[in-house]
Amino acid sequence: MTAPDEDADPDSPEGRGGAASVIPAAPAGSGRSGLDRRRILGAAIEFIDGQGLNALTMRRLGAYLGVEGMALYRYVPGRENLLDGVVESVIDELYGDPDVHLAASHGWQDYLQRLAHGVRRIALAHPEVFPLVATRPPAAPWVRPPLRSLRWVESFLDALIDTGFTEESAVAAYRAYSSFLLGHLLLEVSQKGVKISPEDHPEGVPEAAADTDLSEYPTVVRLEPLLSLDESAAEFEEALENLLGRLEVVLREGRTPRRGDRRT
């Protein structure tokens with residue numbers, strides 16, 4: 001860990017004094033003696049962080065660890081199982097975040113703010129991994145990303161119900177909260193050049209800007225310095241505060257979600 005950069009985004013690795021994964025990766029080239037599932041998953045996260053998801057294969061991950069790719073199958077049955085493990089492991093970093101609490105010991109707003117910033121720290125520390133959190137099949141059909149852990153969903157619902165929400169309004173809050181996090185954070189990582197889907201062309205790619213004729217858009221050109229400012233941290237905080245304000249109304253009015261078909 002290094003000293004936090006006071007000028008950096010407070011949720012970024014730099015603002016936190018370095019990215020702190022709770023999973024130790026096997027040292028590159030460590031060979032078979034350093035292998036177990038936990039260390040392979042840690043190495044996969046490091047690999048994706050450094051080289052991107054599309055570059056990940058079992059063979060390349062094996063080479064990164066100094067073993068044949070087939071040696072990994074003893075611990076992970078295949079690439080799909082590996083990706084599921086990566087998502088689970090990244091979300092589990094919330095348990096190692098000292099600023100995130102499993103219980104609403106200081107009120108539901110404090111609980112949700114801490115959890116939201118914890119998820120954002122994961123997205124900023126692992127932007128290449130975060131789209132997986134949005135796209136991998138969930139543990140149950142009613143679990144919504146990015147809170148992919150059943151334990152965190154249980155914690156979320158208990159925290160709100162224990163602080164006055166009805167069961168119906170807690171579910172409504174869960175839907176609104178998860179939608180807010182996912183939409184905001186996917187947009188934020190896409191602006192860093194991360195592809196959200198194989199066909200995606202992220203915003204801010206220099207090649208795309210070079211091919212765009214801006215001569216018919218004088219206002220855009222004039223305001224480019226303002227449009228180019230990175231206000232992600234402030235926008236996230238403002239949107240989170242607005243969301244909490246809406247949930248205050250949900251709590252006060254006991255509002256229930258619209259009835260829909262139950263998923264099977």
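A quick note: this is a predicted structure, and the numbers were derived from the prediction, not measured. Below, each value reflects all heavy atoms present in this structure, side chains not excepted, and no hydrogens, waters or symmetry copies. Position 1 is the first residue of the sequence; numbering continues from there.
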Heavy-atom nearest pair, Ala233 first then Pro10, reads CB-CD, 4.4 Å
**Q.** Side chains of Leu115 and Leu181 in contact at under 4.5 Å (non-hydrogen atoms)
**A.** no
Margin query: Within the supplied structure, the quantity of interest is the number of heavy atoms (other residues, nucleotides, ligands) at a distance under 6.0 Å from Glu154 CD; does it exceed 12?
Written below: no
Here the pair of heavy atoms bringing Ala8 nearest to Ser12 is CB-OG, 3.9 Å
Quick note, salt bridge (charged side-chain N to carboxylate O under 4.0 Å, His left out) partners involving residues 104-117, not counting sequence neighbours, are Asp110-Arg114
* To do: Kindly indicate, with the supporting measurements, whether the criterion side chain to side chain donor-acceptor pair (under 3.5 Å) is fulfilled by Tyr111 and Ser105.
  => CA-CA 8 Å; Tyr111 168 87; Ser105 53; over 6 Å; no
CD1 of Ile48 to CG of Leu132, rounded to nearest 0.5 Å, is 6.0 Å
Is it possible for you to say whether Leu124 and Val119 belong to one hydrophobic cluster, with membership spreading through side-chain heavy-atom contacts below 4.5 Å? no
Smallest heavy-atom separation, Ile161 atom then Ala170 atom, equals CG1-CB, 3.8 Å
Here the gap from Arg37 atom CZ to Leu35 atom CG, rounded to the nearest 0.5 Å, amounts to 13.0 Å
| said: I'd like to know whether the aromatic ring centres of Trp152 and Tyr95 sit less than 6.0 Å apart in this structure. | reply: yes
Quick one: does any side-chain atom of Tyr75 pair with a main-chain N or O of Arg39 as donor and acceptor, under 3.5 Å? no
Residues 50-64 vs salt bridge (charged side-chain N to carboxylate O under 4.0 Å, His left out), sequence neighbours excluded, gives none
Check: How about Leu82 and Ile40: do any of their side-chain heavy atoms sit closer than 4.5 Å?
Finding: yes
Nearest heavy-atom contact between Val153 and Leu147 is CG2-O, 3.5 Å
Query raised in the report: Arg74 side chain to Asp36 main-chain N or O, any donor-acceptor pair under 3.5 Å?
Result: no
- Message: What I'd like to find out is whether the side chain of Asp162 reaches to under 4.5 Å of the side chain of Trp108, using heavy atoms alone.
- Response: no
Query raised in the report: Is Leu53 close to Val194 at the side-chain level, that is, under 4.5 Å between some pair of heavy atoms?
Result: no
Pair Asp84, Arg148 - check salt bridge (charged side-chain N to carboxylate O under 4.0 Å, His left out), show working.
CA-CA 10 Å; Asp84 287 340; Arg148 303 300 297 264; over 6 Å; no
task: With the side chain counted from C-beta on, respond yes when Arg136 and Glu80 share a heavy-atom pair under 4.5 Å apart, and no when they do not.
output: yes
CZ (Phe47) and CG (Leu56) are apart, to the nearest 0.5 Å, by 5.5 Å
Q.
Are the side chains of Glu128 and Asn54 in contact, using a 4.5 Å heavy-atom criterion?
A. no
For Pro145 and Leu182 the tightest heavy-atom approach is CG-CD2, 3.8 Å
### Message
Between Val171 and Glu168, is there a side-chain heavy-atom distance shorter than 4.5 Å?
### Response
no
Notebook entry, point to check: Does the gap between the ring centers of Phe236 and Phe180 come in under 6.0 Å?
Noted result: yes
One should read off an interatomic distance between Glu167 CD and Leu160 CG, to the nearest 0.5 angstrom, of 12.0 Å
Exercise. Output yes when a side-chain donor or acceptor of Ser169 lies under 3.5 Å from a complementary backbone atom of Thr166, and no otherwise.
Key: yes
Decide yes or no on side chain to side chain donor-acceptor pair (under 3.5 Å) for Glu241 and Gln113, but give the supporting numbers first. CA-CA 8 Å; Glu241 290 176 1; Gln113 285 178 323; 5.3 Å; no
Quick check against the 3.5 Å criterion: does Ser155 have a side-chain atom that pairs as donor or acceptor with the backbone of Arg151? no
- side chain to side chain donor-acceptor pair (under 3.5 Å) between Arg38 and Ser89: does it pass, once the steps are laid out? CA-CA 9 Å; Arg38 183 177 176 83; Ser89 300; over 6 Å; no
dist Thr135:OG1 -> Phe130:CZ (nearest 0.5 Å) comes out at 10.5 Å
Here the pair of heavy atoms bringing Leu65 nearest to Ala43 is CD2-CB, 3.5 Å
side-chain hydrogen bond (donor to acceptor under 3.5 Å, both in side chains) test vs His126 passes for just one of Glu46, Glu93, Arg121, namely Glu93
Report task. Would you check if there is a donor-acceptor pair between the side chains of Glu248 and Gln109 at a distance under 3.5 Å? Result -> yes
Distance col, row Leu61:CG vs Arg79:CZ, nearest 0.5 angstrom, shows 10.5 Å
